[in-house]
There are 2 protein chains.
Amino acid sequence: MAKQSLAQIFDLDRTLHEPARLMILCVLSAVDEVDFLYLLQETELTRGNLSSHLSKLEEAGMVAIRKSFQGRIPQTIISMTKEGQLSLLAYRRQMQIILKEME
Amino acid sequence: MAKQSLAQIFDLDRTLHEPARLMILCVLSAVDEVDFLYLLQETELTRGNLSSHLSKLEEAGMVAIRKSFQGRIPQTIISMTKEGQLSLLAYRRQMQIILKEME
DNA sequence: GCAAACCAGTTTGTAATGCAAACTGGTTTG
DNA sequence: CAAACCAGTTTGCATTACAAACTGGTTTGC
């Protein structure tokens, strides 16, 4: 493979590059299924922000969102999709290369 | 030091977190003084984008911008400040921690 | 000698974000 | 049965990143 240009190396997936979403996926990569309130507590995001970042991740096909009930209280369960796992892996690799580039 | 929260770990410097600016600093960290046209070529940004990202970096105190002439043609020379070097180092360290966190 | 093309950038306009605050639809408590 | 609470969603706004248009000067063609 020919040497990559800087522009290519730094062309990061913007969905994952947002710290809040990276943080969400980081939690998900460890536990693989969580509810909204657990994420809320782990990430210290506001409910509104967590909700909208999850929507973005869902639209991008990175996470799956399932609604259920805990007794009569609604509950939202979030898990990472296969695509999400692959994208996160790719992002990590790319960022590793960037960090090396800056040494 | 107490264990850092995820929110703290992922609280990245937004000035540096933007890929285009990270790329600019990456070039600067290697050569330490460049002109506008060299950056333009290395980064493959448009002139407008390069100009505005440089302004942001200058406002943030990360780079110093000096105007001179090459014969009668105006020339812009950019270099990284000490603060820029330190901030970039800090960003790299923080991102290393994040990548570890996601392993 | 002056119009057209070129050079080195800067400014402006626009669409897309990220965040906080307000809202929704339901449940529990006093 | 009103007030407080729960689990989220929607809305409004200020900030952005990018592209396109602009600026102020220089060189080229005729």
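Lettering follows sequence order; numbering is per chain, from 1.
- Between the side chain of B:Thr43 and the main chain of B:Ile24, no donor-acceptor pair closer than 3.5 Å is present.
- Qualifying side-chain hydrogen bond (donor to acceptor under 3.5 Å, both in side chains) partners for A:Gln4, counting only residues two or more places apart in sequence or in other chains: none.
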Every protein N/O within reach of nucleotides 19-23 of chain D N/O, cut-off under 3.5 Å:
unit_1, atom_1, unit_2, atom_2, d
D:dA19, OP2, B:Asn49, ND2, 2.9
D:dA19, N7, B:Asn49, OD1, 3.3

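- The list of salt bridge (charged side-chain N to carboxylate O under 4.0 Å, His left out) pairs with a residue in residues 8-24 of chain B, not counting sequence neighbours, reads A:Arg14-B:Glu18, A:Glu18-B:Arg14.
- Residues passing the side-chain hydrogen bond (donor to acceptor under 3.5 Å, both in side chains) test with B:Glu58: none are found, sequence neighbours excluded.
- Here A:His53 reaches the OP1 or OP2 of C:dC19: one of its side-chain N or O atoms lies under 4.0 Å away.
- DNA chain C lies under 4.0 Å from at least one heavy atom of each of the following residues of residues 12-28 of chain B: B:Arg14.
- Applying a 4.0 Å cut-off to non-hydrogen atoms, the residues of residues 67-79 of chain A that approach DNA chain C are A:Arg72, listed by residue number.
- A:Leu54 and A:Val31 fall within a single hydrophobic cluster, where Ile, Leu, Val, Met, Phe, Trp and Tyr are joined by side-chain heavy atoms under 4.5 Å apart, directly or via other members.
- Within a 6.0 Å sphere centred on CD of B:Gln8, other residues, nucleotides and ligands contribute more than 12 heavy atoms.
- Residues in residues 80-96 of chain A take part in no salt bridge (charged side-chain N to carboxylate O under 4.0 Å, His left out) pair, two or more places apart or across chains.
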- Given the rule in the side-chain contact (heavy atoms from CB on, under 4.5 Å) test, do B:Leu12 and B:Met95 qualify, once you have shown the distances and angles that lead to the verdict? CA-CA 8 Å; B:Leu12 289 156; B:Met95 189 52 83; 3.9 Å; yes
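- Screening A:Ile77, A:Leu28, A:Thr76, A:Leu40 against A:Val34 for a side-chain contact (heavy atoms from CB on, under 4.5 Å) leaves a single residue, A:Leu28.
- Side-chain N or O atoms of A:Thr81 include none that pairs as donor or acceptor with a backbone N or O of A:Ala64 at under 3.5 Å.
- In this view, A:Glu33 and A:Arg66 satisfy the salt bridge (charged side-chain N to carboxylate O under 4.0 Å, His left out) rule, not counting sequence neighbours.
- For the pair A:Ser79 and A:Val63, the minimum side-chain heavy-atom distance is 4.5 Å or more.
- Listed by chain and residue number, nothing satisfies the side-chain hydrogen bond (donor to acceptor under 3.5 Å, both in side chains) test with B:Ser52 (two or more places apart in sequence, or in another chain).
- Following rounding to the nearest Å, A:Glu44 (CD) and C:dA20 (P) show an atom-to-atom distance of 12 Å.
- Every residue meeting the side-chain contact (heavy atoms from CB on, under 4.5 Å) condition with A:Ala7, not counting sequence neighbours, appears here in chain and number order: A:Ser5, B:Glu44.
- Comparing A:Leu54 and B:Lys56 by the nucleotide of DNA chain D whose heavy atom lies nearest to each, the residue mapping closer to the 5' end is A:Leu54.
- Rounding to whole angstrom units, CG of residue A:Leu45 and P of D:dG8 are separated by 14 Å.
- The CG-P distance, from B:Asp11 to C:dG18, rounds to 15 Å in whole Å.
- Of the residues in residues 31-41 of chain B, those with a non-hydrogen atom less than 4.0 angstrom from any atom of DNA chain C are B:Phe36, B:Leu37.
- Surrounding CG of B:Asp32 are at most 12 heavy atoms belonging to other residues, nucleotides or ligands under 6.0 Å away.
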- Query: Using Watson-Crick and G-U wobble pairs whose two distances are both under 3.5 Å, how do you write the pairing of DNA chain C as dot-bracket, with | for links to another strand?
  - Reply: ||||||||||||||||||||||||||||||
